[in-house]
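Okay, so here's the structure we're looking at.
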Protein chains: 2
Amino acid sequence: MEAQRDHLAPLVVSDSPVEKFREFLEIRGEKLTDRRRLLVDHIFNSHKHFDADELVRDLHDAGHGVSRATVYRTLRLLVEAGLLRELRLTNRSAYEHDYGYPAHDHLHCTSCNRVVEFRNDEILRLRDAISAAHGFRPSGHRFLITGVCAACSRAHSPRRRLDLI
Amino acid sequence: MEAQRDHLAPLVVSDSPVEKFREFLEIRGEKLTDRRRLLVDHIFNSHKHFDADELVRDLHDAGHGVSRATVYRTLRLLVEAGLLRELRLTNRSAYEHDYGYPAHDHLHCTSCNRVVEFRNDEILRLRDAISAAHGFRPSGHRFLITGVCAACSRAHSPRRRLDLI
DNA sequence: CTAGAATTGAGAATCATTCTCGATTCTCGG
DNA sequence: CCGAGAATCGAGAATGATTCTCAATTCTAG
């Protein structure tokens, strides 16, 4: 029986992330080593948004030592491979799953620093229309809305204007 | 005589950037010093996209020495004041005029690394609709389209697929 | 099993940015 | 005009994230 399909789901995830990574590495004549496998497994088993430091810490806590250098090197590869998406919201890079995860964008609350995801179909349409108008061949996009989330709006005095006090 | 007005121009620039900055500083009980004035003047007289280092270099070349520390401190203030917008496309922050400059977003060519601006009215509408749906109070947004610009598309073999070679 | 190549890890190095703190400049009441 | 006190400045140190170096290890092909 046909699985119900989101009409715009662009992702057909036939390979596991590890397989996808192996293919990518193969093309470049590089190898899927145990350190790399360990990292991909860990990343795609749990985390959502994380940074290099968390990764090092988590793996260390789990008894697996992976050097900082290797973590950074592998993260770069995973981004190039299209498995991870890099977000530069602050001074340190954060990462999230890209492969096998539906396209989405983010709301960033500058008060509590939380990041909320949302999906919106128009964005894609808009992106392509704008790109076409500029002879641009789009490969991706980032739509980030900054502001104050509902919780924080409620928490703070509702009638403040500027950050005067 | 009525100046012709873009129907969505949200900016009424009655003050010069320096004035706007002075107001901002006054509110916080800080001063518009000569170093700060020098920086604002320089920034709003020429540059469009620039980073801290260029600023230091340019000013130095123009015979005005401003310490790195002051440049960074002032850039932060200008962003807080809403005069500049900070872009984190790479590891170093880039800045562009925000005050007195129409709202816009960017196309980033990953091949030649050029950044092109575009204006699109739907984005605002979309941003507000999405925010509303999430009880979010938006204060700004960033819409970045990454891809390959027309020139680069033409320059490279038109029939390449992946970066295999 | 072995030579050669790729990867790893520890720590050094780099790069942008921020901090420290003494020197300088500004403000404002006299 | 004259300080006293506060804010700002600059030089260089410090920080923090990321990248690099290079010897040791692991992998691959034969």
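To find a chain, count down the sequence lines: A is the first, B the second, and so on, and within it residues start at 1.
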Name every donor-acceptor pair, under 3.5 Å, that has one atom in a side chain of residues 30-38 of chain A and the other anywhere in the protein, sequence neighbours excluded.
residue, atom, partner, partner atom, Å
Thr33(A), OG1, Arg36(A), N, 3.3
Arg35(A), NH1, Gly65(A), O, 2.7
Arg36(A), NH1, Lys31(A), O, 2.7

- Query: Atom CG of Leu32(B) to atom P of dC26(C): distance rounded to whole Å?
  - Reply: 11 Å
- Task: Rounded to the nearest angstrom, tell me the gap between atom CG in Leu59(B) and atom C1' in dC9(D).
- Result: 15 Å
- Steps toward ring pair (Phe, Tyr, Trp, His ring centres under 6.0 Å) verdict (His104(B), His97(B)): CA-CA 11 Å; His104(B) 64 277; His97(B) 298 180; over 10 Å; no
- Task: Hey, could you give me each pair passing salt bridge (Lys or Arg N to Asp or Glu O under 4.0 Å) that has a residue in residues 59-77 of chain A? Not counting sequence neighbours.
- Result: Asp53(A)-Arg68(A)
- Counterpart residues, ring pair (Phe, Tyr, Trp, His ring centres under 6.0 Å), relative to Phe143(B) (two or more places apart): His141(A), Phe143(A)
- Task: Write down the distance between CG (Leu75(B)) and P (dC9(D)), rounded to a whole number of angstrom.
- Result: 13 Å
- Only pairs at least two apart or in different chains count here, so list each ring-ring contact (aromatic ring centres under 6.0 Å, His included) that has a residue in residues 57-94 of chain B. none
Nucleotides 4-10 of chain C: which of its N/O atoms have a protein N/O under 3.5 Å away?
residue, atom, partner, partner atom, Å
dT7(C), OP1, Lys31(A), N, 3.3
dT7(C), OP1, Arg36(A), NH1, 3.1
dT8(C), OP1, Thr33(A), OG1, 2.4
dG9(C), OP1, Arg35(A), NH1, 3.4
dG9(C), OP2, Ser67(A), N, 3.3
dG9(C), OP2, Ser67(A), OG, 3.0
dG9(C), OP2, Thr70(A), OG1, 2.6
dG9(C), N7, Arg73(A), NH2, 2.9

- Return the set of residues passing salt bridge (Lys or Arg N to Asp or Glu O under 4.0 Å) with Glu117(B) (not counting sequence neighbours), or none when no residue passes. Lys48(B)
- Which angle, rounded to 10°, do you find between the first-five-pair axis and the last-five-pair axis of the helix from dC1(C)-dG30(D) to dG30(C)-dC1(D)? 30°
- Message: I need the full list of salt bridge (Lys or Arg N to Asp or Glu O under 4.0 Å) pairs touching residues 99-111 of chain A, with sequence neighbours left out, sorted by first then second residue.
- Response: none
- Using the test salt bridge (Lys or Arg N to Asp or Glu O under 4.0 Å), find all partners of Glu23(B) that sit at least two apart in sequence or belong to another chain. none
Can you name the atoms? Protein N/O to nucleotides 14-17 of chain D N/O, anything below 3.5 Å, with the distance.
residue, atom, partner, partner atom, Å
dA17(D), OP1, Arg92(A), NH1, 2.9
dA17(D), OP1, Arg92(A), NH2, 3.3

- Query: CZ of Arg22(A) versus P of dT28(D): gap in Å, rounded?
  - Reply: 10 Å
- To the nearest angstrom, the CG-C1' distance between Leu39(B) and dG10(D) comes to 13 Å
- Query: Starting at CZ of Arg88(B) and ending at P of dT18(D), how long is that distance when rounded to a whole Å?
  - Reply: 12 Å
- Note on the structure: Contacts of Asp128(A) meeting side chain to side chain contact (heavy atoms under 4.5 Å, CB included) (sequence neighbours excluded), chain-then-number -> Leu124(A), Pro138(A)
- With sequence neighbours excluded, residues passing salt bridge (Lys or Arg N to Asp or Glu O under 4.0 Å) with Arg127(A): none
- Item | Value in whole Å for how far the C1' atom of dG10(D) lies from NE2 of His60(B) | 13 Å
- Message: Tell me the interatomic distance from Phe21(B), atom CZ, to dT8(D), atom C1', rounded to whole angstroms.
- Response: 12 Å
- Message: Is it the case that the side chain of Ser93(B) and the backbone of Arg88(B) share a donor-acceptor pair, with hydrogens and angles ignored and the cut-off at 3.5 Å?
- Response: no
